[in-house]
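Note sheet for the following structure.
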Amino acid sequence: MNTAYHSVPGSWSEEPSKLPDHRRIRVHIGGLHCSLCTGTLEKALGKRAGVHKVAVSLTHEQALVEFNPTLAEAGDLLRTFTDMGYTISDPRAFRPLDEEEKALVIERNRFLTSLAMSIVAMGFVGYPVSSPWFPLCVFSLTSLVLFSFVVLRSFGLRQALTGSAFLSLLGAGIYILKLQGFFGPALPWLTGVLALFAIFVIGRHIVRMAFKALLRGILNQHVLVEAGAFAGLAGGLFGLAFHPQNYPTEAFFAVSVMVLSYHIFSEWLSLVVKTRSSQAVRKLLELEPEVVSLVKEGKEEEVPLENVKVGDLARIRPRGRVPVDGQVESGESDVDESLVTGEPLPVEKHSGDRVVSGSLNGNGTLLVRVTAVGEDSFLRQVIRSVEEARALKPGVLHLVDRVLRVYAPTVLLMAAAATLFWFFGPQIWGSPADLQRAMFAGLSVLVMGYPCAVGISAPLSIVRGAGEAAERGILMRTGEAFQTLRLVGRVVFDKTGTLTEGRPALRQILAVACPEEELLALAAAVETPSEHPLARAVVQEALKRGMTPGEVEGFEAVAGQGVRARLAHKNFTVGSPNFLAKEGIDCSVQTRNVNELESQGLTVVGIARDGDLLGFLALGDALRSDAAGTVRRLHELGIRTSLVSGDNEKAARYFARSAGIEDVHAHVLPADKAVLIRRFQKDSRVAMVGDGINDAPALMQADVGIAFGSGADIAIESADVIILNQRMGSVLDAFTVSRYSYRKIVQNVSLAFLFNGLGIPLAMTGWLDPVWGMVAMAVSVTAIFMNSLWSRGSYFFEAIKTVGRPPQVQTAAGPQIQES
């Protein structure tokens with residue numbers, strides 16, 4: 001049920017709670033930027049009367065609120081979010097693709113504009129050649145131009161050369177004009193206007209978010225960047241007001257522009273990573289048909305799914321997705337429930353049998369009496385479990401956020417301490433207050449202290465890691481996947497379609513009264529008219545071996561048992577051993593062999609001619625070729641493995657034993673899979689590998705969900721990592737990329753704080769000119785940029801060159817995962 005209150009802009013999803021007399025709200029929150037925000041929201045809302053539980057997920061930007069409606073109203077509770085500056089919307093609604101692309105283009109243009117302004121600002125600083133600061137100014141200007149070339153390189157070499165040449169001429173031209181005295185006394189004012197324009201026009205959204213963060217008592221990157229920007233602005237205004245001798249007014253103003261430029265660059269990178277990963281998997285509800293064919297009074301009409309009621313008669317046509325839970329009234333068909341139950345083979349459905357939503361009908365037509373629709377249907381229950389797990393799933397705190405929790409207030413305190421020390425210290429010693437030195441100390445600490453390089457360290461590493469993962473056929477959806485996968489201590493595998501290939505095929509031939517090749521050729525000829533998946537598997541194997549099945553006469557299919565036909569004037573019977581026994585064919589001599597094949601999880605089909613047994617074909621799923629090797633490598637890495645399947649105990653244990661997995665859980669329902677994952681999580685972090693609807697709750701519950709790109713859309717939407725190439729070995733590749741990317745993040749953060757750690761003590765002396773702050777920023781950002789993209793710079797170009805036109809993700813199954 002969706003409810004929207006006019007008092008609060010936006011909408012959300014509201015539904016009954018498992019607790020008596022309680023309701024729960026799920027809502028998408030816009031404006032979450034760091035883990036400090038999630039804790040603040042949980043704390044603020046948790047204090048409200050009637051609220052039982054609050055969980056805010058930074059990764060999925062969702063909140064789940066459980067409350068007593070007699071003590072609180074949904075609208076009033078959600079107003080807490082909007083009053084704190086966040087936006088709310090329905091968690092099931094997706095932002096239009098063109099709007100996302102527009103936002104990326106706007107952010108890109110904002111960055112390029114701020115970059116050009118930084119080069120102009122450096123030209124305005126323009127120390128003369130005789131000044132000791134001249135080499136540093138030239139170095140900073142050159143670094144900015146090279147930086148712009150690297151960014152523009154993603155648009156093509158010609159655009160990069162043209163843009164960089166223009167920016168070089170712009171910066172150098174202003175520098176020369178300044179040295180020639182062209183601007184005169186207006187120069188500080190021009191630089192000040194540039195700084196004001198950068199702060200309150202280009203970076204006005206940062207000012208707004210910093211202000212809201214301060215109101216919430218949060219010291220995040222927005223607060224720190226504005227502290228540095230306003231510190232530079234204040235230092236420049238001080239120079240305009242008092243005209244101290246040899247005071248670097250232009251340099252202070254230039255610092256404001258450059259700090260904002262680097263911060264906007266980090267925002268743009270983060271937005272690219274976030275948008276691109278979400279656009280590749282936006283098909284949550286496509287398994288559920290929008291309309292249902294109902295039969296009323298002998299007439300058939302299509303009605304929207306939400307208008308279907310319990311007791312209605314629905315017609316399920318061949319190859320159609322089952323939209324409701326129900327009971328078969330009439331008709332016969334084989335129904336593929338593999339994505340729902342985990343059983344690899346289609347199930348024959350007759351009158352009186354039950355069908356569940358999300359399964360795929362075969363070649364027959366079924367008339368189904370509806371027993372559950374909407375929120376009570378199987379598919380909706382799975383979706384609801386996924387959404388609940390999404391809201392409750394704890395996002396791993398970002399490394400930068402953990403550092404900034406301590407770093408931001410420390411820098412602000414050091415800046416205040418340095419200012420007070422150099423202002424009041426000389427007076428204590430009997431000397432006059434040194435206002436200029438106090439200003440230099442406090443403002444330079446803020447400028448040097450802003451970790452602009454830290455802001456781009458994680459996004460750059462993720463861009464690089466995502467590119468390398470894509471090269472290996474892996475889509476890493478979230479930054480948490482990079483951080484968490486390396487810590488996983490247990491990997492849980494689904495069976496059908498994950499550990500196994502997920503399709504029936506001929507696995508073994510047991511010939512009794514004729515050669516194997518002849519047995520297969522006869523079986524393929526008899527099965528050619530059949531549409532049953534096992535029959536198609538037999539025919540495909542015969543064609544693969546170059547056989548041409550003969551034409552049969554008098555073909556007759558017995559639903560769920562086998563077929564009869566005439567071939568070359570002889571009567572043939574093909575079907576299960578029980579079916580052959582009913583037809584009077586003696587199979588008792590091969591009972592032991594048949595039981596052995598069935599113990600391996602195979603389905604046995606017998607072939608008889610004129611009442612004499614010719615032999616058996618064993619069909620079934622097969623272990624992926626690299627499954628056993630992948631499990632062995634995981635064990636060598638110290639990672640435990642488990643198999644969780646909705647299939648029967650015998651089949652689950654056979655495939656687990658073949659793969660080298662000792663911990664086996666069979667006959668597990670979808671909701672119980674998530675419960676089992678929670679139990680595993682008490683001991684270690686858990687990764688779940690699956691592909692079906694029944695895996696979706698477990699994929700979302702796991703610390704890292706890994707889905708195959710050919711699986712169900714809801715499973716793909718629930719996963720953090722998507723394997724596009726169908727290789728089980730890609731699970732190991734994902735671990736490798738995760739560990740390497742996290743190592744890069746740590747390296748980048750260490751580099752950033754090395755520069756800041758050296759610069760802040762120097763800044764506290766009060767003798768450091770602000771130009772050093774600009775140099776430190778240029779050096780640190782350049783170093784981190786090269787460290788992140790070293791030898792793999794093409795990943796960065798590929799990630800951002802598609803801004804304005806979304807990339808296409810090609811899966812191994814053929815179709816592209818892309819919104820049309």
Side-chain angles (χ1 to χ4, degrees), residues 34-35 58-59 150 154 265-278 280-281 395-404 451 453-489 491 633-634 637 639 685-687 689 702-707 719-725 727 729-753 780-781 783-800 807 809:
C34 65
S35 54
L58 175 65
T59 305
V150 173
S154 61
F265 177 59
S266 69
E267 285 188 331
W268 179 43
L269 275 182
S270 299
L271 188 61
V272 169
V273 172
K274 184 177 179 181
T275 303
R276 284 291 174 257
S277 61
S278 66
V281 280
V396 180
L397 291 179
H398 292 290
L399 177 64
V400 174
D401 295 330
R402 293 203 300 269
V403 173
L404 287 179
V454 176
I456 68 170
S457 60
L460 274 175
S461 298
I462 291 174
V463 167
R464 198 249 191 227
E468 184 172 356
E471 190 178 73
R472 302 187 185 196
I474 305 167
L475 176 63
M476 306 284 273
R477 294 190 60 196
T478 65
E480 275 69 21
F482 287 94
Q483 296 189 44
T484 311
L485 194 54
R486 67 188 182 87
L487 302 173
V488 164
V491 176
R633 285 283 295 118
L634 288 172
L637 294 173
I639 299 172
R685 297 193 186 277
V686 177
V689 187
D703 296 284
V704 180
I706 304 174
D720 303 293
V721 179
I722 300 170
I723 296 176
L724 304 174
N725 58 19
R727 286 181 53 252
S730 294
V731 174
L732 290 170
D733 291 339
F735 273 89
T736 301
V737 172
S738 168
R739 293 176 178 180
Y740 179 84
S741 298
Y742 189 81
R743 187 164 66 248
K744 279 294 181 182
I745 291 175
V746 173
Q747 289 175 4
N748 288 345
V749 172
S750 300
L751 281 173
F753 285 115
S780 59
V781 170
I784 285 174
F785 206 90
M786 295 185 66
N787 182 58
S788 298
L789 307 180
W790 184 257
S791 78
R792 298 281 183 168
S794 59
Y795 290 148
F796 173 75
F797 303 139
E798 290 296 326
I800 67 174
V809 180

Practice prompt. With rounding to the nearest 0.5 Å, note down the distance linking CD1 in I639 to CZ in R685.
Written response: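 Answer rounded to 0.5 Å: 13.5 Å.
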Discussion item. As an exercise, state the distance from CG of D720 to CG of L485, rounded to the nearest 0.5 Å.
Written reply: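 Rounded to the nearest 0.5 Å, the CG-CG separation comes to 9.0 Å.
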Discussion item. Ignoring hydrogens, what is the shortest heavy-atom contact between I723 and S730? Give both atom names and the distance.
Written reply: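 Minimum heavy-atom separation between I723 and S730: CG2-CB, 3.7 Å.
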Discussion item. Does any part of the side chain of L487, heavy atoms only, come nearer than 4.5 Å to the side chain of Y742, both counted from C-beta?
Written reply: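 Y742 does not reach L487 side chain to side chain.
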Discussion item. Contact between L637 and L732 at the side-chain level, heavy atoms closer than 4.5 Å - yes or no?
Written reply: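 Yes - at least one pair of side-chain heavy atoms lies under 4.5 Å apart.
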Fill in: Whether S738 side chain and A734 backbone form a donor-acceptor pair below 3.5 Å
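No; judged by distance alone, with no hydrogens or angles, the pair does not exist.
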Discussion item. Just to verify, what does R743 make a side chain to side chain contact (heavy atoms under 4.5 Å, CB included) with, not counting sequence neighbours?
Written reply: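 With sequence neighbours excluded, R743 shows a side chain to side chain contact (heavy atoms under 4.5 Å, CB included) to Y740, Q747, given in chain and number order.
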